[in-house]
Amino acid sequence: MAEAIVITSGKGGVGKTTTTANLGTSLALLDKKVCLMDTDIGLRNLDVVMGLENRIIFDIIDVAKGKCKLKQALIKDKRFDYLYLLPAAQTSDKNDLSPEAMIEMISELKKEFDYIIIDCPAGIEQGYKNAVAGADQAIVVTTPEKSSVRDADRIIGLLEQEELEPAKLVINRIRNHMMKNGDMLTIDEIIQILSIDLLGIVADDDEVIKASNHGEPIAFQPNTKASISYRNIARRILGESVPLQSFEEEQGMLTKMKKFFGMRN
Amino acid sequence: MIKNQYVTIKGTRDGLTLNLDDTCSFQQLLNELDKTLSQDDIDVEQSMITVKVKLGNRYLHSDQEEQLRTLIRQKNKLVVQDIESNVITKEQAMRWKEESDMRIITKTVRSGQVIEITGDLLLIGDVNPGGTVKATGNIFVMGNLRGIAHAGYKGNQDAVIMASYMHPVQLRIATLYSRSPDYESDGVYMECGYVDQSGKIIIDRLQVVAKKRPELNGFERSVLNG
Ligand SMILES: Nc1ncnc2c1ncn2[C@@H]1O[C@H](COP(=O)(O)OP(=O)(O)O)[C@@H](O)[C@H]1O
Ligand SMILES: [Mg+2]
């Protein structure tokens with residue numbers, strides 16, 4: 001059965017697009033048939049991160065308005081056997097896309113693909129509603145900052161009202177030294193507040209930015225911390241139980257020790 | 001003249017108690033009350049007398065109640081302190097039940113969410129930063145209180161807020177509120193917020209608050225409050 005997964009966060013700039021691109025890449029590397037959908041109308045950039053910008057002819061709004069067939073708007077990523085992108089429109093109005101149109105497109109894509117990964121715009125308005133409309137599952141992305149966690153909590157509350165499986169969490173841009181010094185929320189603290197399952201954590205890594213700028217998601221690279229993190233997330237989505245990486249564990253140990261010594265009291 | 005005795009007057013230390021018959025018509029009652037109160041000559045030197053009205057098993061609509069008050073008020077030196085009836089409407093009874101009920105809610109109250117209930121709230125779950133719980137009665141959180149809790153929000157200052165882990169952004173009781181300190185601080189376990197004699201919200205250990213609010217024990221509290 002095909003699955004549609006929406007990547008969302010509430011707050012902007014926390015890594016939704018980066019997660020979408022890398023998750024899609026990782027799933028495709030695991031021989032899954034993947035379609036990425038960019039629903040951030042007016043601020044599209046999934047195509048840039050994937051390095052596919054120059055191939056766009058039709059976009060998601062053209063499909064929604066019936067100006068072209070869904071297949072015509074799909075862009076194939078040549079680096080894989082089966083990775084496609086349905087790009088967002090850059091110039092249209094958000095209101096040209098509707099939840100109904102999303103549901104229709106997704107059900108058509110499901111006939112063809114194993115995974116449909118939906119990149120959600122920031123905010124909780126129409127764009128968010130469109131993005132979650134056809135999804136079966138949601139992944140909430142947050143960074144270890146209070147404001148980001150607050151918005152993630154808000155989004156999880158909204159997602160609970162939809163008929164989705166319980167949302168899963170990705171904590172992005174972790175900086176070990178800041179967590180150690182207590183300058184950032186720890187993973188334990190974040191999970192305690194959000195109380196949803198942790199799907200994975202990703203370190204803050206300049207390589208991620210470099211890779212995105214080259215239109216090659218970091219997950220292509222075999223050995224950076226971040227690429228391993230994204231691949232592990234993909235494997236966990238497929239149902240494998242993948243333990244946290246050593247650097248991830250280190251983080252986990254640290255927080256547990258802190259509790260053990262009763263720093264709270 | 002036939003003395004109907006629909007109205008019996010009793011003098012007490014605190015004033016007068018008017019026992020009104022509950023089998024005659026309301027009009028009969030008013031007529032006799034008018035006569036009875038006019039007959040009694042009242043000493044002009046006397047100070048104001050407070051009157052308690054007991055209606056027995058009679059129910060008065062608010063306009064009837066107003067009529068009764070006006071009639072008594074027109075008589076020299078009389079002020080109605082209280083009108084008491086043995087009966088209430090179904091609606092009032094429902095509301096009363098609601099206000100004295102404990103609602104149990106199992107949920108994480110997340111940022112942007114508001115839970116508002118009549119009566120006491122027992123929340124099994126956390127109140128996250130940005131989340132709000134409101135109750136006309138007490139609030140008990142079996143979980144982490146990190147957002148806003150507003151107990152007695154329709155004006156009950158006796159209401160209390162209890163949490164397994166207390167680290168709120170704000171506590172509000174009736175019209176009072178207190179906020180967390182501006183510096184980073186840790187929360188406290190098993191504590192309770194209440195309004196002390198000076199009219200400030202205080203957070204103290206459960207045992208201490210239990211002594212200050214004995215009415216938290218048992219169902220009688222709702223009967224008393226009603
Ligand atoms: N793990 C990471 N390490 C370093 N930079 C990151 C990481 N994840 C995202 N970024 C950078 O953060 C910025 C915002 O990410 P993006 O995915 O566009 O966020 P969103 O789609 O939520 O607005 C981008 O410049 C991106 O390269
Ligand atoms: Mg984005």
Side-chain angles (χ1 to χ4, degrees), chain A residues 8-12 14 122-125 128-129 132 138 140-162 164 166-169 178-179 181-186 188-198 255 258-265, chain B residues 103-117 121-134 140-150 162-171 179-192 203-208:
Chain A
T8 181
S9 70
K11 195 172 157 72
V14 300
I124 53 175
E125 285 92 29
Y128 159 81
K129 286 174 191 149
V132 299
V140 174
V141 182
T142 187
T143 60
E145 282 171 76
K146 273 192 183 169
S147 58
S148 167
V149 171
R150 189 74 61 92
D151 289 356
D153 193 40
R154 179 93 175 93
I155 282 289
I156 294 165
L158 293 174
L159 287 168
E160 282 169 351
Q161 292 162 22
E162 308 284 332
L164 297 176
K168 298 215 167 76
L169 184 68
M178 286 189 79
M179 278 192 180
N181 297 339
D183 294 327
M184 253 183 183
L185 291 171
T186 66
D188 276 357
E189 283 168 335
I190 295 169
I191 293 172
Q192 216 195 18
I193 288 178
L194 298 180
S195 55
I196 61 172
D197 285 347
L198 181 66
T255 48
K258 209 168 150 184
K259 266 203 178 149
F260 192 74
F261 289 116
M263 305 235 328
R264 268 273 168 66
N265 293 328
Chain B
R103 280 277 303 279
I104 302 178
I105 295 181
T106 314
K107 179 180 168 54
T108 304
V109 182
R110 298 185 183 277
S111 178
Q113 296 180 332
V114 180
I115 286 193
E116 188 176 317
I117 64 131
L121 169 65
L122 173 59
L123 179 76
I124 302 175
D126 299 344
V127 183
N128 280 352
T132 304
V133 286
K134 292 172 82 172
F140 308 98
V141 179
M142 289 187 67
N144 304 308
L145 174 52
R146 292 193 172 96
I148 296 176
H150 193 172
M162 195 232 104
S164 317
Y165 178 65
M166 183 79 100
H167 196 189
V169 173
Q170 263 184 25
L171 288 187
R179 56 177 172 73
S180 66
D182 289 328
Y183 51 87
E184 290 259 333
S185 64
D186 282 344
V188 287
Y189 290 91
M190 297 302 280
E191 299 224 337
C192 186
I203 295 181
D204 213 332
R205 285 181 308 133
L206 281 188
Q207 298 88 317
V208 177

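In what follows, chains carry the letters A, B, and so on, assigned in the order in which the sequence lines appear, proteins first and then strands, with residues in each chain numbered from 1.
- In terms of heavy atoms, A:Val14 sits closest to A:Lys11 at CG2-O, 3.9 Å.
- Between A:Ile155 and A:Ile124, the closest side-chain pair of non-hydrogen atoms falls below 4.5 Å.
- Among the residues in residues 108-115 of chain B, those with a non-hydrogen atom closer than 4.5 angstrom to a non-hydrogen atom of chain A are B:Thr108, B:Arg110, B:Ser111, B:Gly112, B:Gln113.
- Counting heavy atoms from C-beta on, the side chains of A:Leu169 and A:Ile190 come closer than 4.5 Å.
- With sequence neighbours excluded, the residues forming a side chain to side chain contact (heavy atoms under 4.5 Å, CB included) with A:Ala122 are A:Lys16, listed by chain and number.
- Considering only heavy-atom pairs separated by less than 4.5 Å from chain B, the leading option among A:Gly10, A:Ala152, A:Ser195 is A:Ser195.
- Side-chain contact between A:Ile156 and A:Glu160 is present, with at least one heavy-atom pair separated by less than 4.5 Å.
- Looking only at side-chain heavy atoms (C-beta outward), B:Ile104 and B:Phe140 stay at 4.5 Å or farther from each other.
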